Amino acid sequence: MKRLALISILLTLALSINAQKYMTKNGYIGFYSHTPMEDIKADNNQVAGVIDASTGDLVFQALIKSFHFDRALMEEHFNENYMESDTYPKSSFKGKITNLSSVNLSKNGSYDVTVEGELTLHNVTNKISAKGTLEVASGGLNANAKFNIVPEDYKINIPGLVREKIGKNMEVTVTMKYTPVGNK
Amino acid sequence: MRRLAIAFFAFLIPAALFAQDDLMNLLNSDAAPDINYTTATFKSTRILNGHSIERMVPGQLDFRISHRFGTLNSGSYNLWGLDQSNIHFSLEYGIMKWLMVGVGRGSYEKTFDGFAKFSVLRQSKGDRVMPVSVSVMTSAALMSQKWTDPTRANYFSSRMSYVAQVLVARKFSQAFSFQLTPTYVHRNLVTTALDPNDIFAMGAGGRLKLSKRISLNAEYYYVANPKTYMSTQIYNPLSVGIDIETGGHVFQLMLTNSVAMIEKGFVGETTGSWRKGDIHFGFNISRVFTLKKHK
C-alpha cells in the first residue's frame, strides 16, 4: 500500500511536470528590411505565446495593429494597404520544437532548437522552419529566433512604385520570455 | 499487451494533434480587452477644402501647400484659370494623441490663420463599440489686407474671424467614409449691414476608395443663412476631387467653386457658381515629416 502511494505520488508529480506550460502576454516580434532607399522596421511588444515544455508544442498570436513603426504614415500604410488589418486583424503561428530531446529542462542553459510549423499572415498559411535558442532559466523559459519571410508568399502585394523601398525579404525576430502557467 | 499499446497510441495521437489548438485556446481564454480602433477614415487631415476628423499623430509635422486657380470659364486666354492662382500654405503638428495645431497663410485677403483640432471620440469595435469618430475644430483668422477706407476708424479686432466645427465621421467600410460637419463662422466685421456676422452651415463630405492609393472625395457645405439680401451673391461650396497617395505625400486634386482655403472664406464667402462655370481647378499637397519618433 505504501509502495502504491509512492508510485501514485511520483506519477502525479511526473504528470504535473509533463503538463508544464509556459506563457507570455508581452513577447516581442519585430521585422526589418533594408534597401538603399529606406529601412523598414516595426516592433510589436504585445505578442501572446504559449509553449508546452512537455511536448514542444508552441503557438504565438499577434495583433497586426500592435506593430508600431517610427513613422506613423508607414504604420498606416502597413495596416491599410499591405496587411489589410481591419479584415485580417491577427497573425498566428502553430508549431513544434522538432529536437526537444536536446533540451534539458531540468538544467539551466541555452539550447539550440529548430521550430517547424504553420504561420498564418494576411489570411495565408505557409509552412515555415526557423532556428533559434531556448534558454532554460530559473524563472521560466526564454525563446529567441530569427527567420526570413517573403511578403509575396502571403499575398501581400507591393506595387512597382514602392518595390525599391521594401526589401524582398523581411527579417523577423522573435524574443519571448515565458513564465510558468499555474496548473488548471 | 499489444492491444493495450495500440489503444494507448490511439489516445495519444489525437491528443498530439489537438495540443496546439488547445494552446491557442489557452491564449484566447484570458486575452486582454480587445478594442479595435478604426484608422484612416480619410487619407488626409482635409477632405478637400474643409477639415476631416483625421489628425497628425504626436511628433509628426505636415507641410501643406494648396493652390486654387482661376475659373475654368475664364477661357483659353487665361489657360482656363491656370494663369491665376490663390495660394495657402501651412505647417501643422500633432502635439498629443488627441490634439493637433496648425498655422497658415493664404493669399485670399492676405490672411494668417491658426487652428486647433481635438479628437473627442474614436470609432471602434471589439470590446468597446463606438459608431462614430468625433473631433472639434476651432480656428481664428487674421485678415491683413489694407483697409479699403483708411480714413475711418479701423480696429484691429475688425480683422479677426473665428470658426468652430464639430466633425462627426464614420468609416462604413474599407472603401466608404462619410462625415457631417456642423459649422459656425463668426466675422467681426462684414462688408455691409446686410451681411450676417454669424454664419451657420452644415457640411457633408465623403470618400470612396477607388484603389488602395486613390480615392474619390466630395464635400458640400449648406449655408443656412438666407442668401437673398446679402450684399454679394454667395453660393454653397461644392468640391469634387481625388486623393492620390504616394508614400510620403498625399496629393488632392479637385474642382471647386470656392477660392479660399480656410473655413471663413469658403463657407460664407464663396461667390462662384457651378452652374455658371465658375469652377476652379485646385490641389493640396501634404508632405509629412517625422520630428519625433512614434511609439
Side-chain angles (χ1 to χ4, degrees), chain A residues 21-26 37-38 41-43 45-52 54-66 68-82 84-87 89-90 92-96 117-118 120 157 159 161-162 164-166 181 184, chain B residues 12 15-32 34-44 54-62 94 97 123-126 171 173-174 209 211-213 215 244-250 286-295:
Chain A
K21 293 187 178 95
Y22 295 83
M23 191 166 178
T24 178
K25 287 289 173 61
N26 40 22
M37 290 182 75
E38 200 151 48
K41 187 177 179 297
D43 303 307
N45 284 303
Q46 289 159 277
V47 180
V50 188
I51 181 164
D52 186 334
S54 57
T55 59
D57 286 317
L58 71 153
V59 298
F60 296 121
Q61 188 167 276
L63 276 179
I64 301 301
K65 282 193 180 172
S66 299
H68 295 303
F69 293 70
D70 284 345
R71 285 167 56 186
L73 205 62
M74 212 184 249
E75 187 168 317
E76 184 180 314
H77 293 162
F78 171 75
N79 284 305
E80 280 283 301
N81 299 342
Y82 299 106
E84 300 173 79
S85 45
D86 276 330
T87 321
K90 284 174 183 171
S92 62
F93 175 81
K94 287 180 191 177
K96 205 173 173 58
E118 290 177 336
T120 305
N157 297 318
L161 197 66
V162 293
E164 297 295 300
K165 294 183 178 177
I166 302 174
V181 181
K184 288 180 182 172
Chain B
L12 208 65
L17 276 179
F18 293 118
Q20 291 163 8
D21 287 329
D22 278 350
L23 293 185
M24 205 51 114
N25 291 339
L26 182 67
L27 265 193
N28 287 323
S29 63
D30 59 349
D34 184 10
I35 303 170
N36 194 355
Y37 288 109
T38 302
T39 54
T41 307
F42 292 96
K43 277 197 198 301
S44 166
E54 294 298 336
R55 69 228 169 287
M56 280 292 115
V57 295
Q60 309 252 317
L61 180 73
D62 187 12
K97 262 186 171 170
Q123 186 182 337
S124 63
K125 57 187 182 187
K171 189 178 188 176
S173 70
Q174 279 299 303
K209 261 175 131 175
S211 78
K212 279 181 182 169
R213 285 168 187 81
S215 76
I244 304 170
E245 182 189 330
T246 62
H249 293 83
V250 177
S286 153
R287 166 80 217 191
V288 175
F289 299 93
T290 303
L291 298 191
K292 253 189 341 211
K293 285 189 174 179
H294 167 59
K295 279 289 154 194

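Only heavy atoms go into these numbers, but all of them, side chains included; no hydrogens, no water, no symmetry mates. Every chain is numbered from 1 and lettered A, B, ... according to where its sequence line falls, protein lines coming before strand lines. For clarity, every value in this text was computed on a predicted model and none was experimentally measured.
Only the backbone of A:Phe93 comes within contact range of chain B, with at least one heavy atom under 4.5 Å from a heavy atom of that chain. At a 4.5 Å heavy-atom cutoff, the contact between A:Lys65 and chain B is made by side-chain atoms alone. For B:Tyr37, the part sitting under 4.5 Å from any heavy atom of chain A is the backbone (N, CA, C, O) and nothing else.
Smallest separation of non-hydrogen atoms from B:Gln60 and A:Ala72: NE2-N, 3.3 Å. Across every non-hydrogen atom of B:Lys171 and A:Asp86, the tightest pair is NZ-OD2, 4.0 Å.
In this structure, B:Thr290 and A:Met74 have side chains that are not in contact, with every pair of non-hydrogen atoms separated by 4.5 Å or more. Side-chain contact between A:Pro159 and B:Arg213: present, with at least one pair of heavy atoms (C-beta onward) separated by less than 4.5 Å. For the pair B:Leu23 and A:Lys21, the minimum side-chain heavy-atom distance is below 4.5 Å.
Atoms CD and NZ, on A:Glu80 and B:Lys209 in that order, are 4.0 Å from each other to the nearest 0.5 Å. Here CE of B:Met24 is found 10.0 Å from CG of A:Leu58. Values are rounded to the nearest 0.5 Å. The NZ atom of B:Lys43 lies 10.0 Å from the CG atom of A:Leu73; values are rounded to the nearest 0.5 Å.
Per-residue heavy-atom pair counts under 4.5 Å with chain B were compared for A:Asn81, A:Ile51, A:Thr87, and the maximum is reached by A:Asn81.
The side chain to side chain contact (heavy atoms under 4.5 Å, CB included) test applied to A:Lys90 returns A:Gln61, A:Leu63, B:Asn28, not counting sequence neighbours. Taking A:Glu84 as the reference, A:His122 meet the side chain to side chain donor-acceptor pair (under 3.5 Å) condition, with sequence neighbours excluded.
Within a 6.0 Å radius of CD in A:Glu164, other residues, nucleotides and ligands contribute 12 heavy atoms or fewer.
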